[in-house]
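Just so it is clear, the values below take in all heavy atoms, side chains as well, and ignore hydrogens, waters and symmetry mates. The sequence lines fix the lettering, A, B, ..., with proteins before strands; numbering per chain opens at 1. These numbers were taken from a predicted model, which means no experiment stands behind them.
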Protein chains: 2
Amino acid sequence: MIQKSSTINDVARLAGVSKRTVSRVINGSMSVGDSTRVRVEKIIAELNYSPNTQARGLASSRSYLLGLIYDNPDALYLDDVQRGVLEICSRLGYELVVHPCRYRSETLVQDCLNFINRSKLDGVIVLPPVSELESLAEALKDAGRPYVRLTSVAIDEAKHIVVSDDRSAAAEMARYFAQLGHQDIAFISGPQRYKSSTERMEGFKLGLSAYGIALKAERIMEGNNTYETGIECARSLLSQSPLPTAIFANNDQMAAGVLKVAHQMGIAIPELLSVAGFDDNLLASRVIPALTTIRRPVRQMAQLATTKMIMVIEQNDKAAQQVAAKVAPTLVVRESTAKVSVSLPS
Amino acid sequence: MIQKSSTINDVARLAGVSKRTVSRVINGSMSVGDSTRVRVEKIIAELNYSPNTQARGLASSRSYLLGLIYDNPDALYLDDVQRGVLEICSRLGYELVVHPCRYRSETLVQDCLNFINRSKLDGVIVLPPVSELESLAEALKDAGRPYVRLTSVAIDEAKHIVVSDDRSAAAEMARYFAQLGHQDIAFISGPQRYKSSTERMEGFKLGLSAYGIALKAERIMEGNNTYETGIECARSLLSQSPLPTAIFANNDQMAAGVLKVAHQMGIAIPELLSVAGFDDNLLASRVIPALTTIRRPVRQMAQLATTKMIMVIEQNDKAAQQVAAKVAPTLVVRESTAKVSVSLPS
DNA sequence: TTGTATGCGTTATCAC
DNA sequence: GTGATAACGCATACAA
């Protein structure tokens with residue numbers, strides 16, 4: 001049997017007031033008499049009443065629904081983001097609608113707009129690399145829809161963005177490698193069409209150059225951030241002679257691929273080869289040997305983005321500006337890196 | 001500027017028909033003249049019109065929103081499920097609202113009901129171990145809400161369930177171990193309050209007993225399906241003397257923990273110790289050595305559950321019954337298991 | 001085959 | 001401080 005849930009009318013009737021008054025109570029209006037408020041709240045509790053969000057949305061064009069738009073193969077990253085977003089959502093009374101999409105699709109922008117319009121989302125959080133698409137951001141702005149992007153570069157106003165400084169972090173990794181004595185270093189980049197990829201590569205190069213080290217062209221491979229391409233790139237890199245003494249991968253997944261190949265080829269890590277990743281997702285600490293990497297505070301970024309989002313929805317842009325828009329990734333040293341053992345002049 | 005999206009009234013006006021007719025076209029009614037239909041569809045396309053789901057929901061008590069309820073620490077599992085569900089959702093015009101919850105919470109049932117009522121979800125898919133809670137299932141049934149549970153045991157009608165036969169699969173693993181010559185086998189179970197845990201343990205025991213092998217009490221440890229507890233259990237198991245020659249863990253995460261500890265203790269895998277997991281999530285094939293495990297077709301289960309769900313929403317129970325309610329996990333042999341090397345009489 | 005009128009549960013506009 | 005009443009956009013009895 002279908003239990004029809006109670007409505008604002010039931011509450012109004014039982015409390016002996018008009019539904020307008022109940023509405024006031026629900027929305028915390030100031031202009032309600034104390035005795036009236038208490039009485040209404042009592043009935044609400046008794047009935048376990050909660051407002052129908054559809055009706056509410058129809059009347060006020062609010063849905064209490066947030067969207068998450070992404071095209072990312074990394075399950076661990078996505079999980080981290082979702083948990084961060086959901087913590088804030090549930091605390092503030094929003095629900096989360098997930099929406100994977102295809103970065104390269106020609107209809108991406110229209111797809112996302114339809115998604116938002118159909119479900120009348122109050123706002124969307126966009127994850128990299130989709131977040132780097134200016135066409136999407138502009139469409140969102142034109143449509144007057146609140147949005148927040150997670151990115152590696154500050155490509156938008158503070159109210160629309162939460163960025164991690166990947167460039168500096170990669171430079172820190174370079175410094176660390178240099179101080180371990182590595183000179184012949186290889187790099188597995190992400191897709192060059194992604195800003196997160198170029199930022200990390202640039203930062204790494206910059207950091208190395210401060211120590212007079214250059215990244216040779218033949219020591220740079222491009223993967224697509226998956227474990228599989230990490231393996232491919234590693235195979236290619238580790239078939240070169242002489243071997244590089246260290247490999248820095250654009251993310252942990254690919255670094256894990258390097259570990260796998262090195263193991264297959266009998267190349268001892270970190271004795272013969274140092275390997276580092278980027279992200280510090282769950283994988284990094286669980287792989288053998290545990291991965292030296294850059295810890296990106298993904299969950300925190302997700303929380304900031306969600307908070308910021310709800311600020312612009314419920315308060316105003318100024319409040320949203322207050323929420324931090326930048327986080328700093330940090331170096332985490334584990335077992336996969338060590339001082340270069342024998343440094344033969346090349 | 002906020003682009004107010006067009007409504008059914010706009011379409012009706014421009015097409016020169018009543019909105020009732022437009023409604024018919026939208027919902028694919030048979031009784032609409034061909035010329036009228038074409039005209040209306042043309043306008044719809046021009047306006048890029050799509051019906052407001054809130055208004056539609058208010059009028060017809062449908063939201064085109066599906067919910068996913070879970071309390072599971074395994075990001076890889078969740079990702080797999082979400083992808084499976086979303087493939088069907090997007091194809092059939094539904095959106096997915098994710099809703100993590102706490103299995104042990106006293107207010108779990110009420111929380112879930114509120115979630116469903118607030119957002120007027122058309123149905124929910126429930127993941128283990130929450131799916132094993134009869135109290136929730138009954139509440140859902142009482143509320144008249146369509147639901148489908150993913151489980152390891154057929155604890156509900158066919159229209160409400162998609163089950164994987166974990167018991168048989170675990171028995172198969174036992175057979176495999178026995179045929180490799182293992183006699184002294186250890187088992188790391190999941191929480192005994194979960195049916196998925198007891199099913200796998202029972203199946204494993206049953207399978208072993210067919211070969212006259214018993215699981216000794218001191219060789220059974222209980223973890224909570226996380227990597228961390230896998231490590232704890234492994235430490236305890238691998239400090240015993242003599243060592244077991246094989247360890248079967250309730251899932252891949254914990255098996256990965258065993259691999260880690262064995263590596264730290266210098267116990268060669270699979271030479272000295274065979275290790276196997278359950279699930280075959282991404283981790284299993286990426287860990288070193290790659291894990292022998294039971295492949296559970298998670299994505300497929302998610303697709304079946306979603307299809308079944310939408311069947312009961314849009315068609316009827318009979319249609320839902322047709323959708324397969326059972327899948328068979330299969331053994332996947334990789335590098336972490338081998339014939340027992342030296343079999344000393346204990 | 002097509003149109004009219006009403007209701008879904010809430011918020012918002014006004015008056016009292 | 002409170003209450004009628006009109007939207008909001010759509011679906012659906014009921015008529016024509």
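Rounding to whole angstrom units, CZ of residue A/Arg37 and C1' of D/dT2 are separated by 13 Å. The interatomic distance linking B/Arg62 (CZ) with D/dA11 (P) rounds to 11 Å, in whole Å. One atom, CG of A/Asn52, and another, P of C/dC8, lie 12 Å apart when rounded to the nearest Å. Counting to the nearest Å, the P atom of C/dT1 and the CE atom of B/Met30 are 11 Å from each other.
The ring pair (Phe, Tyr, Trp, His ring centres under 6.0 Å) test applied to B/Tyr77 returns no partner, not counting sequence neighbours. For A/Lys326, there are no salt bridge (charged side-chain N to carboxylate O under 4.0 Å, His left out) partners two or more places apart in sequence or in a different chain. With sequence neighbours excluded, the residues satisfying salt bridge (charged side-chain N to carboxylate O under 4.0 Å, His left out) with B/Glu87 are B/Arg299. The side-chain contact (heavy atoms from CB on, under 4.5 Å) search around B/Lys159 returns B/Glu157, B/Asp317, B/Ala320, B/Gln321, not counting sequence neighbours. In this structure B/Arg193 satisfies the salt bridge (charged side-chain N to carboxylate O under 4.0 Å, His left out) test with no other residue, sequence neighbours excluded. Listed by chain and number, the residues in a side-chain contact (heavy atoms from CB on, under 4.5 Å) with B/Ala139 are B/Val109, B/Leu113 (sequence neighbours excluded).
Summary for the helix from C/dT1-D/dA16 to C/dC16-D/dG1: the axes at its two ends, each from 5 pairs, differ by 30° when rounded to the nearest 10 degrees.
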Donor-acceptor contacts under 3.5 Å from residues 30-37 of chain B side chains, at least two apart:
| residue | atom | partner | partner atom | Å |
| --- | --- | --- | --- | --- |
| B/Ser31 | OG | B/Ser29 | OG | 3.2 |
| B/Arg37 | NH2 | B/Ser29 | O | 2.7 |

Tabulate below the donor-acceptor pairs under 3.5 Å that side-chain atoms of residues 120-135 of chain A make, not counting sequence neighbours, or state none.
| residue | atom | partner | partner atom | Å |
| --- | --- | --- | --- | --- |
| A/Lys120 | NZ | A/Asn117 | O | 2.7 |
| A/Asp122 | OD1 | A/Ser63 | N | 2.8 |
| A/Asp122 | OD1 | A/Ser63 | OG | 3.3 |
| A/Asp122 | OD2 | A/Arg62 | NE | 3.3 |
| A/Asp122 | OD2 | A/Ser63 | N | 3.3 |
| A/Asp122 | OD2 | A/Tyr64 | N | 2.7 |
| A/Ser131 | OG | A/Leu150 | O | 2.7 |
| A/Glu132 | OE1 | A/Lys195 | N | 2.7 |
| A/Glu132 | OE2 | A/Lys195 | N | 3.1 |
| A/Glu132 | OE2 | A/Ser196 | N | 3.0 |
| A/Glu134 | OE1 | A/Arg149 | NH2 | 3.4 |
| A/Glu134 | OE2 | A/Arg149 | NH1 | 3.4 |
| A/Glu134 | OE2 | A/Arg149 | NH2 | 3.2 |

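Comparing C/dT4, D/dT2, C/dC8 by their nearest atom to the side chain of B/Leu58 picks out C/dC8.
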Test salt bridge (Lys or Arg N to Asp or Glu O under 4.0 Å) applied to B/Lys141 and B/Asp156, step by step
CA-CA 11 Å; B/Lys141 208 170 299 186; B/Asp156 207 330; 3.8 Å; yes
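Of the residues in residues 39-48 of chain A, none lies under 4.0 Å from DNA chain D by heavy-atom distance.
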Let me have a per-nucleotide readout for nucleotides 11-16 of chain C, 5' to 3', with B, S or -, counting only protein heavy atoms under 4.0 Å.
BBB---
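Among residues at least two apart or in separate chains, there is no salt bridge (Lys or Arg N to Asp or Glu O under 4.0 Å) pair with a member in residues 95-109 of chain B.
Each of B/Ser35 and A/Thr7 was assigned the nucleotide of DNA chain C with the nearest heavy atom; the assignment lying further toward the 5' end belongs to B/Ser35.
Among the protein residues, B/Ser61 comes within range of no part of the nucleic acid, since none of its heavy atoms lies under 4.0 Å from any strand. Contact annotation for B/Thr21: backbone-only contact, meaning every heavy-atom pair under 4.0 Å involves sugar-phosphate atoms and none involves a base.
A sub-4.0 Å separation between OP1 or OP2 of C/dT10 and a side-chain N or O of A/Thr53 is absent.
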